[in-house]
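Below is one structure; the comments refer to it alone.
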Amino acid sequence: MMFSPPYVDAAHCAEQLRALGHAVLAPASLPATMGCGAGELSDLAGFWNDLPPDNYLKDGGRYRFRRHSSFVVEGDAVTQCPHRAHWQPLDYNALHGGIERLFEPMDPAATSLPAWQQLLRGLGGIASGLKGAKPWFVEAHQFRIDTTDGIGRPTPEGAHRDGVDLVAVFLIGRHQIKGGESRVFEAAGPQGQRFTMTEPWTLLLLDDERVIHETTPIQPEGGHGHRDTLVVTLRAGGFQDP
């Protein structure tokens, strides 16, 4: 059984983030929340078809493909940083933490799209509304999880936090799969929610200080399948570095 996402209206997004530590927005809410809609962002979806394999998977899997780029968002200014490795401490990623993982960067044709710039401005505005206005150090991850091995693991590290201030998970699309349920739990309490994002450009927002999250494995349904997401993290004070 799939549980539908607990969508919140754009007008109450900030309120719910402060109250619960997470919020799920339908694609139709993006214009009011981000300043751009799913239609404007649709040109980005094609950039998920040439993601290189993730060669750092410690479970030996071949199911994850990704690109990664970094930015600084300060008010309306969006600056792409020189390409850099992704790093997390072991405290936040016991499986892949403690090592510098250098992935291929996002395609410049994608990051130069006006909708991409507006997406980052919109997320910066949400983070500033939640935590106070400041420069935000942003890491963007394009993911494709496929079923080449019969099963694909969106979060092989399990339920986790990312060590940032705000996490945004956009569903780009699902193709011939089952599973991929999103689960969000209080970091310091018993409450949690589970749901499956199925509509492209559904957005899950997470206050990373307050909640932990995971996505369940996917399996093929009627053929070779995959699940595409865009994960954007925003952190105050600088990027995580060794």
Side-chain angles (χ1 to χ4, degrees), residues 2-42 44-45 71 73-78 114-141 143 154 159-174 180-189 191-215 228-236:
M2 290 199 306
F3 295 95
S4 298
Y7 291 129
V8 61
D9 186 83
H12 300 104
C13 173
E15 177 185 344
Q16 182 162 315
L17 260 178
R18 286 191 292 269
L20 301 180
H22 69 277
V24 188
L25 293 169
S29 295
L30 292 187
T33 310
M34 312 281 299
C36 62
E40 296 169 272
L41 291 165
S42 62
L44 276 172
F71 306 81
V73 177
E74 188 168 6
D76 287 336
V78 177
W116 175 256
Q117 304 290 310
Q118 187 55 43
L119 181 151
L120 294 188
R121 290 188 193 99
L123 290 175
I126 292 170
S128 290
L130 186 65
K131 306 284 186 175
K134 60 196 71 177
W136 294 105
F137 295 83
V138 176
E139 295 190 59
H141 306 261
F143 288 107
H160 65 283
R161 290 170 53 210
D162 288 313
V164 298
D165 289 283
L166 181 73
V167 178
V169 182
F170 295 87
L171 178 72
I172 305 302
R174 295 167 55 99
E181 181 180 79
S182 299
R183 297 179 177 179
V184 182
F185 311 94
E186 291 179 339
Q191 300 300 315
Q193 282 194 311
R194 49 187 289 208
F195 50 89
T196 304
M197 300 193 292
T198 59
E199 190 174 354
W201 293 105
T202 297
L203 169 59
L204 170 60
L205 293 166
L206 303 162
D207 181 344
D208 192 59
E209 290 185 296
R210 297 180 54 195
V211 297
I212 59 177
H213 63 281
E214 67 176 342
T215 304
D228 293 345
T229 55
L230 169 67
V231 178
V232 183
T233 65
L234 296 89
R235 188 174 189 267

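Within the 3.5 Å criterion, the main-chain N or O of Asp208 finds a donor-acceptor partner in the side chain of Arg161. Arg235 places a side-chain N or O within 3.5 Å of a backbone atom of Gly163 that can act as its donor or acceptor partner.
Residues satisfying the ring-ring contact (aromatic ring centres under 6.0 Å, His included) test with His213, not counting sequence neighbours, are His160. Under the salt bridge (charged side-chain N to carboxylate O under 4.0 Å, His left out) criterion, Glu139 pairs with Arg84, not counting sequence neighbours. In terms of the ring-ring contact (aromatic ring centres under 6.0 Å, His included) criterion, residue partners of Trp201 (sequence neighbours excluded) are, by chain and number, Phe170. Residues that satisfy the side-chain contact (heavy atoms from CB on, under 4.5 Å) test with Ser4, not counting sequence neighbours, are absent from this structure. Listed by chain and residue number, nothing satisfies the side chain to side chain donor-acceptor pair (under 3.5 Å) test with Thr215 (two or more places apart in sequence, or in another chain). The ring-ring contact (aromatic ring centres under 6.0 Å, His included) check on Phe195 picks up nothing, with sequence neighbours excluded. Every side-chain contact (heavy atoms from CB on, under 4.5 Å) that Ala236 has, sequence neighbours left out, goes to Lys134, Trp136, Asp165. Residues passing the salt bridge (charged side-chain N to carboxylate O under 4.0 Å, His left out) test with Lys131 are Asp207, Glu209, sequence neighbours excluded. Applying the side-chain contact (heavy atoms from CB on, under 4.5 Å) test to Arg183 and every residue at least two apart in sequence or in another chain returns Glu181, Phe185, Arg194, Glu214, Thr216.
For the pair Tyr7/Thr202, a side-chain contact is recorded, criterion being any heavy-atom separation below 4.5 Å from C-beta on. Taking 4.5 Å as the limit, some side-chain heavy atom of Leu230 sits within range of a side-chain heavy atom of Leu119. Within the 4.5 Å cutoff, side-chain heavy atoms of Leu205 are placed close to those of Leu123. Counting only heavy atoms from C-beta outward, the side chains of Val169 and Met197 approach each other to under 4.5 Å. Side-chain atoms of Leu204 and Val184, non-hydrogen and from C-beta on, do get closer than 4.5 Å to each other. Proximity of Leu171 to Glu199: side-chain heavy atoms (C-beta onward) are nowhere separated by under 4.5 Å.
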Side-chain donor/acceptor pairs under 3.5 Å, residues 23-41, sequence neighbours excluded:
unit_1: Thr33; atom_1: OG1; unit_2: Ser29; atom_2: O; d: 2.9
unit_1: Glu40; atom_1: OE1; unit_2: Gly37; atom_2: N; d: 2.8

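For the salt bridge (charged side-chain N to carboxylate O under 4.0 Å, His left out) condition, no pair includes a residue of residues 12-38, sequence neighbours left out. Sorted by first and then second residue, the ring-ring contact (aromatic ring centres under 6.0 Å, His included) pairs involving residues 11-31 (not counting sequence neighbours) form an empty list.
The two residues Pro200 and Ile172 have their closest heavy-atom pair at CB-O, 3.4 Å.
Going from atom OG1 of Thr233 over to atom CG of Leu166 covers 9.0 Å, rounded to the nearest 0.5 Å.
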